[in-house]
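In what follows, a structure is listed as structure tokens, so that the remarks can point back to it.
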Amino acid sequence: FPFLKNRRRSESRDKACFGYAERGGEGGAASNGCPKGGVVKYQYNMITFNNLPSELQSEQPLLKPWLKELIRQHGFTPGDIAYFFCNDDELLKINLQFLQHDTYTDIITFDYRDGNIVAGEIHISEQRVRDNATEMQNLPLEEFLRVVAHGVLHLCGFKDKTAKEASEMRCQEEAAISLFKKLKIR
């Protein structure tokens with residue numbers, strides 16, 4: 001996984017700078033993993049999408065402003081956030097390597113927040129999101145929006161391990177989807 005452990009994206013490639021060596025943490029959100037003495041730089045305030053699924057293609061112009069507004073509503077400043085859409089097997093490998101979980105999941109979030117600046121990597125399994133949409137009888141677009149927001153909500157400090165935390169996370173996801181719909185109407 002060239003975008004994970006010991007990775008540094010160059011300015012010339014995508015104008016984002018991550019240089020984190022180690023990751024750890026519980027569940028779907030890993031803790032800040034900047035190496036000792038490392039400096040976190042947030043010069044570009046970029047949100048990037050890699051392998052954006054077809055369900056989100058037509059919504060792409062609205063995704064970045066929506067996520068930035070969502071972050072601001074929770075009292076944070078948007079930093080560099082990279083979304084990577086992949087398949088189940090790729091996400092399982094990441095889950096095993098960095099979280100030591102041998103289970104399929106829809107999302108893994110690596111939190112690089114630095115004080116008030118929200119930054120990180122968010123990896124999403126397209127297959128799992130589509131399967132969840134079918135199982136929950138949701139539209140695929142809405143399920144993708146839910147999971148995209150879910151990652152940012154983790155970066156804003158929301159957890160989902162206990163029943164109470166999961167309930168709050170669901171409320172925040174619904175509010176995020178409502179915000180997206182409001183922005184779309186404008």
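Inter-residue side-chain proximity for Ile47 and Asp80 is flagged as unmet; no heavy-atom pair is nearer than 4.5 Å. Counting only heavy atoms from C-beta outward, the side chains of Phe180 and Leu62 approach each other to under 4.5 Å. Between Glu142 and Lys181 there is a side-chain heavy-atom pair separated by less than 4.5 Å. Residues Ile122 and Ile81 form a side-chain contact, since some pair of their non-hydrogen atoms from C-beta on lies under 4.5 Å apart. Here the side chains of Leu99 and Thr105 are not in contact, with every heavy-atom distance at 4.5 Å or above. Side-chain contact between Val147 and Leu145 is absent, with no heavy-atom pair separated by less than 4.5 Å. By the 4.5 Å heavy-atom criterion applied to side chains, Tyr83 and Ile107 are not counted as neighbours. Within the 4.5 Å cutoff, the side chain of Glu90 has no heavy atoms near those of the His123 side chain.
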Under the side chain to side chain contact (heavy atoms under 4.5 Å, CB included) criterion, do Glu126 and Val129 qualify, and how do the steps go? CA-CA 5 Å; Glu126 289 183 51; Val129 173; 5.9 Å; no
Under the criterion side chain to side chain donor-acceptor pair (under 3.5 Å), I'd like the reasoning laid out for Ser125 against Asp106: C-alpha separation, chi angles, the key distance, then a yes or no. CA-CA 5 Å; Ser125 168; Asp106 54 357; over 6 Å; no
For Thr48 and Asn50: C-alpha separation, side-chain torsions, deciding distance, then whether side chain to side chain contact (heavy atoms under 4.5 Å, CB included) applies. CA-CA 7 Å; Thr48 58; Asn50 299 278; 4.0 Å; yes
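Between Phe110 and Phe98, the ring centre distance stays below 6.0 Å.
Among residues two or more places apart in sequence or in another chain, the side chain to side chain donor-acceptor pair (under 3.5 Å) test is passed with Glu173 by His150, Arg170. Under the rule for a side chain to side chain donor-acceptor pair (under 3.5 Å), Gln127 has no partner lying at least two apart in sequence or in another chain. Partners of Lys184 by side chain to side chain donor-acceptor pair (under 3.5 Å), not counting sequence neighbours, listed by chain and number: Glu59. For the side-chain contact (heavy atoms from CB on, under 4.5 Å) test, residues two or more places apart in sequence or in another chain that qualify with Gln57 are Leu52, Gln60. Among residues two or more places apart in sequence or in another chain, the side-chain contact (heavy atoms from CB on, under 4.5 Å) test is passed with Arg72 by Lys68, Glu69, Pro78.
Using a distance-only test at 3.5 Å, with no hydrogens or angles considered, a donor-acceptor pair links the side chain of Ser178 to the main chain of Glu174. Between the side chain of Gln137 and the backbone N or O of Thr134, no donor-acceptor pair lies under 3.5 Å. The backbone N or O of Ala149 lies less than 3.5 Å from no partner atom in the side chain of Trp66, so there is not a single donor-acceptor pair.
Counted by atom type alone, Glu143 and Asn132 present zero donor-acceptor pairs between their side chains at under 3.5 Å.
Note on Leu139 and Ile177: separate hydrophobic clusters, where clusters join Ile, Leu, Val, Met, Phe, Trp and Tyr whose side-chain heavy atoms are under 4.5 Å apart, directly or indirectly.
When every heavy atom of Cys156 is checked against every heavy atom of Val118, the shortest pair comes out as SG-CG2, 4.3 Å. Shown here for Ile124 and Leu91, the closest heavy-atom pair between the two residues is C-CD2, 4.3 Å. Among all heavy-atom pairs drawn from Phe49 and Phe85, the shortest one is CD2-CE1, 4.1 Å. Shown here for Pro65 and Pro61, the closest heavy-atom pair between the two residues is CD-O, 3.4 Å.
Taking the charged nitrogens against the carboxylate oxygens, Glu55 and Arg130 do have a contact shorter than 4.0 Å, which makes a salt bridge. Looking at Glu168 and Lys159, no side-chain N of the basic residue comes within less than 4.0 Å of a carboxylate O on the acidic one, giving no salt bridge.
The aromatic rings of His74 and Phe158 stand perpendicular to each other, their planes meeting at an angle above 60°, with 30° marking the opposite boundary.
One distance of note links CD1 of Ile71 with CZ of Phe76; it measures 9.5 Å at 0.5 Å rounding.
In the hydrophobic clustering (ILVMFWY side chains linked at under 4.5 Å, chained through shared members), Leu96 is joined by Leu92, Tyr104.
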